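Structure record follows, encoded as structure tokens.
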Amino acid sequence: EFVQTALVNMYGVLGCTNGASKIFNRIPAKDLVAWNSMLAAYTSAGQMDKAQVSFDAMPSKDLYSYNVMISGYSGIGAIASAKSVFDGMKVRDVVSWNSIISAYIRAGDVVTARELFRVMQVAKNVVTWNSLISGCLQGGLYVEAIDLFDEMTATDCSPDHVTVASALSASAHLGSLEIGKKVHVYAVENGLASSPHVSSALIDMYAKCGCIERSLLVFYKSQPKDIYSWNAIISGLALHGCGYSAIKLFSQMRQVCINPDDITFIGLLSACSHSGLLQEGCKWFRSMQEDFRISPKLEHYGCLVDLLGRAGHLDLALQLINSMSFEPG
RNA sequence: UAGGUUCUAGUUUUGGU
């Protein structure tokens, strides 16, 4: 029974709801956890019709069942359905509150998320705080994100690496080296500075706050360097007009077998653009498609149009725009 | 001996869209 439930979960994680339901149907005595696992498989695949049918058919439900439904509806942007599941609960735990708060955040409604955060009757945990802080970031409310970080440090719920990465991102958007440094100090003092999320956020923060030297320092010290860190330093060098350094790091990245993604090329192309490297930019734009099989997105075209325009080739820039297979955003 | 299931996250072009 435990084994079969584990299989249902495995199929669920893989997004294979057919496999999950086959296993589920073969379980002779389905307990509540098995039902919840089947529900989770449907909700994480976004199949809310099937999830709702299972939910209604369940012989009994617990907090997990309701919470899974809230996050499922949240995931497909059905905020009204998420709310009605939440409202239908007699007892709610912190995960229920976190799920409904995230639902409003995903819907872009930070106002309601903030209200729920303030009135919730169960103790907040680190996810509650992180959810609202991340909502503020998505809504461009960077000062509020930092205020929440400060408020959180005064509670008995300590920030974790997710919180710190978010606070660093807020500092970066504000361009405030002073705030960013404070968050960095907090991270070091609390043993959170070596997480990959925090490392890349530090690299980004120092670069955006005008301090490319510190950004490079963090980059070289960080271990292991994941694609987020590589992308952050390449974009950072681009921002500072260090085109050749960006290209150099790009080739180092490939030497250590990190595969560039579409974000890497936005950084690389913008580096070429900021440094006026016309030939290089065109070369990498082609290479991106031919060697890396990455089809250009709006941002890549934007970089290249900018590059061509700055070099005085407005005719070629226009030609490129006309060659796009989709309408400019 | 209470176990398998639920919530948050860092990198993104165009100097002031």
Side-chain angles (χ1 to χ4, degrees), chain A residues 1-10 12-13 20 31-41 43-44 62-72 74-75 93-103 105-106 113 124-135 137-138 159-170 172 195-205 207-208 219 225-236 238-239 261-274 281 296-307 309-310 317 328-329:
Chain A
E1 344 69 57
F2 284 15
V3 177
Q4 284 160 313
T5 301
L7 277 172
V8 172
N9 289 321
M10 191 196 74
V13 168
D31 68 4
L32 183 52
V33 176
W35 276 97
N36 287 340
S37 298
M38 191 58 237
L39 259 195
T43 59
S44 54
D62 66 358
L63 278 167
Y64 278 73
S65 325
Y66 286 89
N67 293 343
V68 167
M69 291 301 285
I70 296 171
S71 99
S74 161
D93 68 356
V94 65
V95 176
S96 318
W97 285 95
N98 292 346
S99 301
I100 195 67
I101 287 171
S102 309
I105 284 166
R106 275 183 208 162
K124 299 170 179 54
N125 66 13
V126 67
V127 175
T128 321
W129 286 93
N130 291 346
S131 299
L132 188 61
I133 291 172
S134 134
L137 285 178
Q138 285 168 42
D160 67 0
H161 63 285
V162 176
T163 326
V164 167
S166 301
L168 288 169
S169 173
S195 131
H197 282 79
V198 172
S199 296
S200 63
L202 280 169
I203 294 163
D204 178 54
M205 182 277 289
K208 290 210 171 89
F219 175 75
K225 304 178 199 339
D226 67 6
I227 186 151
Y228 286 87
S229 292
W230 284 99
N231 289 351
I233 194 65
I234 289 172
S235 297
L239 188 69
D261 63 7
D262 50 342
I263 307 290
T264 316
F265 280 101
I266 296 171
L268 187 65
L269 294 171
S270 102
C272 294
S273 169
H274 282 97
K297 301 183 178 51
L298 186 62
E299 290 86 345
H300 302 110
Y301 282 109
C303 292
L304 210 67
V305 168
D306 183 47
L307 178 62
R310 281 178 203 274

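Lettering of chains follows the sequences in order, A, B, ..., and the numbering in each one begins at 1. Just so it is clear, the model here is predicted, and its values are computed rather than measured.
Inter-residue side-chain proximity for Val95(A) and Ile70(A) is flagged as unmet; no heavy-atom pair is nearer than 4.5 Å. Between Leu307(A) and Cys303(A), every side-chain heavy-atom pair lies at or beyond the 4.5 Å cut-off.
Among the nucleotides C7(B), U5(B), U11(B), the one closest to any side-chain atom of Ser102(A) is C7(B). Among G10(B), U5(B), U8(B), the nucleotide with an atom closest to any side-chain atom of Val33(A) is U5(B). Checking U12(B), A9(B), C7(B) against every side-chain atom of Ala165(A), the shortest atom distance belongs to A9(B). Checking A9(B), G10(B), U6(B) against every side-chain atom of Val162(A), the shortest atom distance belongs to A9(B). Nearest nucleotide to the side chain of Glu299(A), out of U12(B), U5(B), A9(B): U12(B). Side-chain proximity of Ala232(A) to the nucleotides U11(B), U8(B), U5(B) is greatest for U11(B).
No option in Asn98(A), Asn125(A), Asn67(A) other than Asn67(A) meets the side chain to side chain contact (heavy atoms under 4.5 Å, CB included) test with Asp93(A).
Interface remark: the Asn130(A) side chain does form a donor-acceptor pair with the U8(B) base, using a distance-only criterion of under 3.5 Å. Counting atom types as modelled, Asp31(A) pairs a side-chain N or O with a base atom of G4(B) as donor and acceptor under 3.5 Å.
A sub-4.0 Å separation between OP1 or OP2 of U11(B) and a side-chain N or O of Ser169(A) is present. Proximity of Arg310(A) to the phosphate of U14(B): no side-chain N or O atom is located under 4.0 Å from OP1 or OP2. A close approach under 4.0 Å does not occur between any side-chain nitrogen or oxygen of Lys208(A) and OP1 or OP2 of G10(B).
Both geometric conditions, a ring-centre gap below 5.5 Å and a plane tilt below 30°, are fulfilled for Tyr64(A) over the base of U5(B). For A9(B), the base is stacked against the aromatic ring of His197(A), per a cut-off of 5.5 Å between centres and 30° between planes.
Here Ser200(A) lies in heavy-atom contact (under 4.0 Å) with a base. Residue-level contact check: Lys124(A) touches neither bases nor backbone, having no heavy atom under 4.0 Å from any strand. Residue contacts for Asp226(A): at a heavy-atom cut-off of 4.0 Å it reaches a base atom on one of the strands shown. Using a 4.0 Å heavy-atom criterion, one finds that His300(A) contacts no nucleic acid atom at all. Residue-level contact check: Ser235(A) touches the backbone only, with heavy atoms under 4.0 Å from sugar-phosphate atoms and none from bases. Residue Val95(A) is in base contact, counting any heavy-atom pair closer than 4.0 Å across all strands shown.
Between the CG atom of Asn231(A) and the C1' atom of U13(B) there is a distance of 14 Å, rounded to whole Å. With rounding to whole Å, His274(A) atom NE2 is found 13 Å from U12(B) atom C1'. Here the P atom of nucleotide A9(B) and the CG atom of Asp204(A) are 17 Å apart, to the nearest Å. Residue Leu137(A) contributes atom CG, which lies 7 Å from atom P of G10(B) at whole-angstrom precision. The distance from atom CG of Asn9(A) to atom P of U5(B) is 6 Å, rounded to the nearest whole Å. Protein atom CD1 of Ile227(A) is 13 Å distant from nucleotide atom P of U12(B), rounded to whole Å. Atom CD of Gln138(A) is separated from atom P of U8(B) by 11 Å (rounded to the nearest Å). Atom CD1 of Ile70(A) is separated from atom P of C7(B) by 11 Å (rounded to the nearest Å).
Straight-line distance between the C1' atoms of U17(B) and U12(B): roughly 16 Å, to the nearest whole Å.
Although no hydrogens or angles enter the test, the distance criterion places no donor-acceptor pair under 3.5 Å between the side chain of Ser169(A) and the main chain of Ala165(A). The backbone N or O of Ala232(A) sits nowhere less than 3.5 Å from a side-chain atom of Ser235(A) that would complete a donor-acceptor pair.
The aromatic rings of Trp230(A) and Phe219(A) sit perpendicular, their planes meeting at an angle over 60°, well past the 30° parallel limit.
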**Asked** Hey, mind stepping through Thr163(A) and Val126(A) against side-chain contact (heavy atoms from CB on, under 4.5 Å) and telling me if it holds?
**Response** CA-CA 8 Å; Thr163(A) 326; Val126(A) 67; 3.9 Å; yes
